[in-house]
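Note that the structure is a prediction, hence the values are computed from the model and not measured. Atoms considered below: every heavy atom in the structure, side chains included; atoms not considered: hydrogens, waters and symmetry mates.
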Amino acid sequence: MNPFQEIFDKQKAYFDSDATKSYEWRIDQLTRLENLCNENSEALEAAMSSDFKTASQEKVLSVRDHGSGRDRGFRES
């Protein structure tokens with residue numbers, strides 16, 4: 001037997017129990033996270049500069065829009 005089968009079976013049973021969050025809930029949480037990142041982009045960029053000592057050109061963060069294939073999010077100007 002596959003050594004991971006028991007783990008897989010437990011995870012699948014948990015998922016099938018409907019105890020996990022819905023697709024809509026997950027999309028809402030991801031959208032909220034995207035908004036949070038956009039609203040705090042300057043503070044995030046400052047923190048990254050402080051933590052990683054990187055040049056501003058290296059701080060490019062984006063969110064790939066799964067549906068349209070276009071980039072959304074914030075980028076260093």
Undergrad: Considering only Ile, Leu, Val, Met, Phe, Trp and Tyr, and joining two whenever side-chain heavy atoms are under 4.5 Å apart, list the other residues clustered with Phe15.
TA: none
Undergrad: Taking Ser49 for its side chain and Glu45 for its backbone only, find out whether a donor-acceptor pair lies under 3.5 Å.
TA: yes
Undergrad: Does Tyr14 offer a backbone N or O that forms a donor-acceptor pair with the side chain of Ser17 under 3.5 Å?
TA: yes
Undergrad: Once rounded to the nearest 0.5 Å, what's the spacing between atom CG of Asp28 and atom OH of Tyr23?
TA: 12.0 Å
Undergrad: How many angstroms lie between atom CZ of Arg26 and atom OG1 of Thr31, to the nearest 0.5 angstrom?
TA: 14.0 Å
Undergrad: For Leu36, is there any backbone N or O sitting under 3.5 Å from a side-chain donor or acceptor partner on Asn40?
TA: yes
Undergrad: Tell me every residue that passes salt bridge (Lys or Arg N to Asp or Glu O under 4.0 Å) with Glu6, counting only those two or more places apart in sequence or in another chain.
TA: Lys10
Undergrad: Applying salt bridge (Lys or Arg N to Asp or Glu O under 4.0 Å), name anything that partners Lys21, two or more places apart in sequence or on another chain.
TA: none
Undergrad: One pair to check against side chain to side chain contact (heavy atoms under 4.5 Å, CB included): Thr20 and Gln11. What are the steps and the verdict?
TA: CA-CA 11 Å; Thr20 59; Gln11 289 176 330; over 6 Å; no
Undergrad: Answer yes or no: is there a side-chain heavy-atom contact under 4.5 Å between Leu33 and Gln29?
TA: no
Undergrad: For Gln5, give me all partners under side-chain contact (heavy atoms from CB on, under 4.5 Å), at least two apart in sequence or on another chain.
TA: Met1, Asn2, Phe8, Asp9
Undergrad: So Asp16 and Lys12, side chain to side chain contact (heavy atoms under 4.5 Å, CB included) or not? Walk me through it.
TA: CA-CA 6 Å; Asp16 290 341; Lys12 184 160 178 24; 3.3 Å; yes
Undergrad: How would you list, by chain and number, every residue that makes a side-chain contact (heavy atoms from CB on, under 4.5 Å) with Asp18, sequence neighbours excluded?
TA: none
Undergrad: Go through the structure and list residues passing salt bridge (Lys or Arg N to Asp or Glu O under 4.0 Å) with Asp51, not counting sequence neighbours.
TA: none
